[in-house]
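Lettering of chains follows the sequences in order, A, B, ..., and the numbering in each one begins at 1.
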Amino acid sequence: MSSVLDIMTRTLYTRLVGSMVNHLRELRASRGWSQGDLAEALNVSRQTVNAIETGKYDPSLPLAFKIARLFKRPIEEIFKDR
Amino acid sequence: MLTSSAIKRLGILLIVVGAPVVHYVVPGGFWLRTSAAMAAGLMMIFFSREPIDDERVRDLKLKAVHAAFSVSFTLTLVVNWFLNRDFDITRDFDSATNTWRSISGFDLIILTMTVALALFHYWRFQDNRATPASVSAGSGHNPAVTLSNLERGTPGR
């Protein structure tokens with residue numbers, strides 16, 4: 001019973017806040033870029049960058065690759081499992 | 001070819017001007033025709049592209065429609081129960097009393113699109129906000145990670 005509750009809680013949690021942690025904010029800050037600058041470079045909206053940084057949204061694989069290429073780092077260094 | 005903002009404006013025009021005209025000016029106006037105009041307007045607003053139509057926008061729109069359909073279908077059942085005092089969804093028009101005994105498909109679309117639009121814009125508003133509270137509550141931002149850690153390749157978690 002408790003495991004069912006645990007799975008439900010985890011599902012709800014990941015739905016609410018996403019399932020990964022990321023270092024996008026730190027990397028962006030290291031370049032001195034604003035969210036708008038990064039959004040422009042990735043061809044997405046500033047809100048999307050904010051949603052990724054705050055963990056509300058896990059980006060698609062193509063966007064994650066784009067981010068990795070932009071910062072010249074492997075994906076797994078930027079995004080990690082929770 | 002109409003641009004997305006033109007389609008949105010057309011949708012708003014259809015709701016604000018078109019629907020009242022159809023209802024009050026066109027002879028023999030009745031709710032089904034008015035609701036069709038409103039449903040069309042709401043769909044034009046919701047399904048037209050946003051100024052920056054990225055994957056997050058598409059994700060939120062899908063989630064909003066998903067949630068809105070569940071909400072509006074439940075509301076339809078509730079409204080129909082109040083109309084008929086049962087859940088028989090096979091009735092459409094009661095010729096004895098000359099009244100509709102179920103809300104129409106257009107009404108369902110209006111409900112769905114209204115809820116979906118509200119949810120989408122609320123979530124978009126949430127995306128727009130930097131939320132330090134949610135950050136400390138375990139979001140994607142990791143406070144244990146410092147730039148020096150990153151440079152050394154040893155992130156905090």
Side-chain angles (χ1 to χ4, degrees), chain A residues 9-10 12-36 38-68 71-82, chain B residues 4-5 8 46 48-71 116-157:
Chain A
T9 318
R10 274 170 187 270
L12 186 68
Y13 183 72
T14 51
R15 268 173 179 262
L16 285 175
V17 298
S19 59
M20 291 191 298
V21 290
N22 67 74
H23 310 307
L24 196 58
R25 179 170 290 174
E26 292 81 10
L27 287 168
R28 178 175 61 77
S30 71
R31 302 280 196 286
W33 293 346
S34 68
Q35 285 186 341
L38 181 58
E40 208 178 310
L42 296 171
N43 201 21
V44 296
S45 65
R46 194 194 58 75
Q47 288 97 325
T48 301
V49 170
N50 190 49
I52 296 170
E53 283 188 358
T54 51
K56 288 179 203 160
Y57 176 60
D58 297 333
S60 69
L61 212 47
L63 183 57
F65 270 109
K66 216 170 171 179
I67 292 167
F71 289 108
K72 295 184 179 70
R73 281 169 193 273
I75 286 185
E76 60 269 28
E77 202 178 292
I78 303 173
F79 298 97
K80 283 184 186 298
D81 270 351
R82 213 171 264 285
Chain B
S4 56
S5 62
K8 271 195 208 306
F46 186 79
S48 57
R49 291 167 67 89
E50 298 301 307
I52 300 176
D53 203 69
D54 59 13
E55 60 179 56
R56 175 62 168 165
V57 166
R58 288 190 289 273
D59 176 66
L60 284 183
K61 281 195 171 177
L62 188 65
K63 279 181 181 161
V65 167
H66 183 229
F69 243 109
S70 313
V71 171
L117 274 168
L119 283 174
F120 170 70
H121 286 288
Y122 173 70
W123 288 335
R124 205 68 185 135
F125 167 74
Q126 291 289 325
D127 275 358
N128 209 18
R129 295 195 315 174
T131 48
S134 71
V135 165
S136 59
S139 73
H141 175 71
N142 183 354
V145 174
T146 60
L147 275 177
S148 52
N149 278 345
L150 275 174
E151 294 305 329
R152 285 199 303 269
T154 54
R157 251 195 278 198

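- A distance-only check finds a donor-acceptor pair linking the side chain of N50(A) to the backbone of R129(B) [under 3.5 Å].
- If you measure heavy-atom distances from P62(A) to chain B, you find no contacts under 4.5 Å at all.
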Next on the checklist: Run the side-chain contact (heavy atoms from CB on, under 4.5 Å) test on R124(B) and S45(A) for me, step by step, so that the C-alpha distance in whole Å, both residues' side-chain angles and the decisive distance to 0.1 Å come before the verdict.
Outcome noted: CA-CA 11 Å; R124(B) 205 68 185 135; S45(A) 65; 2.7 Å; yes
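- Summarising the local packing, CD of E55(B) is surrounded by more than 12 heavy atoms from other residues, nucleotides or ligands at distances under 6.0 Å.
- Two residues are said to be in side-chain contact when any heavy atoms from C-beta on lie closer than 4.5 Å; R46(A) and N128(B) meet this criterion.
- Residue F71(A) qualifies as enclosed at atom CZ: its count of foreign heavy atoms under 6.0 Å is above 12.
- I52(B) contributes atom CD1, which lies 8.0 Å from atom OG1 of T48(A) (distance to the nearest 0.5 angstrom).
- Annotation for N43(A): atom CG does not count as buried by contact number, only 12 or fewer foreign heavy atoms lying within 6.0 Å.
- With a threshold of 4.5 angstrom between heavy atoms, D59(B) approaches chain A through side-chain atoms but not through N, CA, C or O.
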